[in-house]
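Owing to the predicted nature of the structure, the values given are computational and were not obtained by experimental measurement. Reckoned from all heavy atoms, side chains included, excluding hydrogens, waters and symmetry mates. All chains are named by letter (A, B, ...) in the order of the sequence lines, taking the proteins before the strands, and each is independently numbered beginning at 1.
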Protein chains: 2
Amino acid sequence: MGTKGEGNRQRIVSAADNLFYRNGYNQTSFQDISDATGIPRGNFYYYFKTKDEILNAVVDSRVAELSTMLQQCEAATADARERLHLFTDMLEFKRDDVLQSGCPIGTLSSELAKAHGAVNDDSASDGLRQDRSGQELSRPEISRQEKSKQVFLLLRDWVQKQFAALGVDDAADLAMDLLARMQGVTVMACAFKDADFMRRSHREINDWIDMKTRNA
Amino acid sequence: MGTKGEGNRQRIVSAADNLFYRNGYNQTSFQDISDATGIPRGNFYYYFKTKDEILNAVVDSRVAELSTMLQQCEAATADARERLHLFTDMLEFKRDDVLQSGCPIGTLSSELAKAHGAVNDDSASDGLRQDRSGQELSRPEISRQEKSKQVFLLLRDWVQKQFAALGVDDAADLAMDLLARMQGVTVMACAFKDADFMRRSHREINDWIDMKTRNA
DNA sequence: GTCTATATCGAGATAGAC
DNA sequence: GTCTATCTCGATATAGAC
């Protein structure tokens, strides 16, 4: 293919984004991304040194895409309560995907919270693990989870801003509560493949938003 | 080791249970279980034909363990509202584990919801995938997720029973709502490593239970 | 910039001695 | 029942031709 390099980079990130969501990060191979894009495996190392760098690019891409979506929510209405309702509408737009694969942000975060290698049951050593030369062992899952957290941080801060605009005094708590409720709905709806539960919960979350911001 | 066989089987299941939780199912190797138990890799195939069978045994073990815990909740008090509060106390007992690795049930369910192999973007074929001989391809992730769902079903039915005993007319919905709220709390608390959020949410979930069952 | 060939490792699973 | 040796496959990653 004679297309320009940066175009290929974007296609890799886009395919990886989709595959990380559908199949999970650990279960997605370079071959899978190669099959989805038509770009040969070896070329990936021209754009990314490691699989972790692809993950970084995917998270950056998700942050950028969600930023755009949140800006559109702000452009659509000046009423912060309406903006929050537009935000929860994701439960409706993405219903089929959520039922099949859960929330892209939540499931990635949960997956990356899992460690690699042996489980440390040893109660004698409570410091960082060290190798024979005394250096700390690198733990990639730590930085990976920190990276994936960026998407949640973006959403939390935006939701908090909307609650604050409505004059509540616990906007930070309410922001975490809203995200937690949406996460809980996606986990249970996906586990039970229950679309009706998603619809009902969507309504009740909107009612909860209205109730919490009634004095605005 | 000259210990009896069934003892070894239990030790394998127990170690796998812990490793599936801390490291994830897909990221747990037979070598990891071997290291944790001292039982050589090859012996696993005397007790289990495949890794899937180990997963089945782990889920059965979790169902049995949780059944015991729920029976203890019932033995502790005849007040169904008190029983539900004892149930939510898991958010307190298991706080450190949840902060590190999330909920064992929810994260396993989310992990097993992810597919294997290529993502089907092809809109022309909307039936089951077939191989060249026309047979349906087996999709182990389907039966795996169905199996893991058993733990959620146990909890949902028990919670529903408690709500029903309190005379509410939407016990089934409330059971799903309670599990969803707890799942949401664990996902966000683990992502943000926020113990305070867990404590606060625990209180608010208990308040919500009391509110929903006020007329009992 | 693009692609093929390959190195290296660890996974799940099997065979067969004891 | 227990254990070692090994098979086969697919993973990430690298080397180097074009």
- request: Would you indicate what A:Ser34 reaches in the nucleic acid, counting non-hydrogen atoms under 4.0 angstrom: base, sugar-phosphate, or nothing?
  value: nothing
task: Verify the neighbour count for atom CD of B:Glu204: are there more than 12 heavy atoms of other residues, nucleotides or ligands below 6.0 Å?
output: yes
query: In whole angstroms, how far is the P atom of D:dA11 from the OH atom of A:Tyr45?
result: 11 Å
task: Could you label the plane-to-plane angle of the A:Phe44 and A:Phe30 rings as parallel, tilted or perpendicular, counting under 30° as parallel and over 60° as perpendicular?
output: tilted
task: Before accepting this row, confirm whether a basic side-chain N of the pair A:Arg200/B:Asp177 lies closer than 4.0 Å to the acidic partner's carboxylate O.
output: yes
Report all interatomic pairs (protein N or O, nucleotide N or O of nucleotides 4-10 of chain D) with separations under 3.5 Å.
residue: D:dT6; atom: O4; partner: B:Arg41; partner atom: NH2; Å: 3.3

query: Quick one: B:Ile54 CD1 to C:dA11 P, roughly how many Å, whole number?
result: 13 Å
Gap between atoms CG and C1', on B:Asn26 and C:dG12 respectively (whole Å): 12 Å
- request: Grab the OH-C1' distance between A:Tyr25 and D:dA11 for me, whole Å please.
  value: 12 Å
message: Let's see if you can work this out: which of C:dG1, D:dT14, D:dA11 has an atom nearest to the side-chain heavy atoms of A:Gln31?
response: D:dA11
task: Walk me through it: do B:Arg203 and B:Asn206 pass the test side chain to side chain donor-acceptor pair (under 3.5 Å)?
output: CA-CA 5 Å; B:Arg203 274 184 266 117; B:Asn206 279 339; over 6 Å; no
message: Measure CG/B:Asn23 against C1'/C:dA11 and give the value in whole Å, please.
response: 15 Å
message: Can you confirm whether the side chains of B:Asn26 and A:Tyr25 place a donor and an acceptor under 3.5 Å from each other?
response: no
- prompt: How long is the line joining CD1 of B:Ile33 and P of C:dA13, in whole Å?
  reply: 11 Å
A:Tyr47 vs C:dT2: side-chain N/O to OP1/OP2 distance below 4.0 Å: yes
task: Could you state the atom-to-atom distance from CG of A:Asn8 to C1' of C:dT2 in whole Å?
output: 9 Å
message: Any donor-acceptor pair under 3.5 Å linking the side-chain atoms of B:Asp96 with those of B:Gln100?
response: no
B:Lys147 atom NZ, over 12 foreign heavy atoms within 6.0 Å: yes
Whole-Å distance separating the OH atom of A:Tyr46 from the P atom of D:dA13: 19 Å
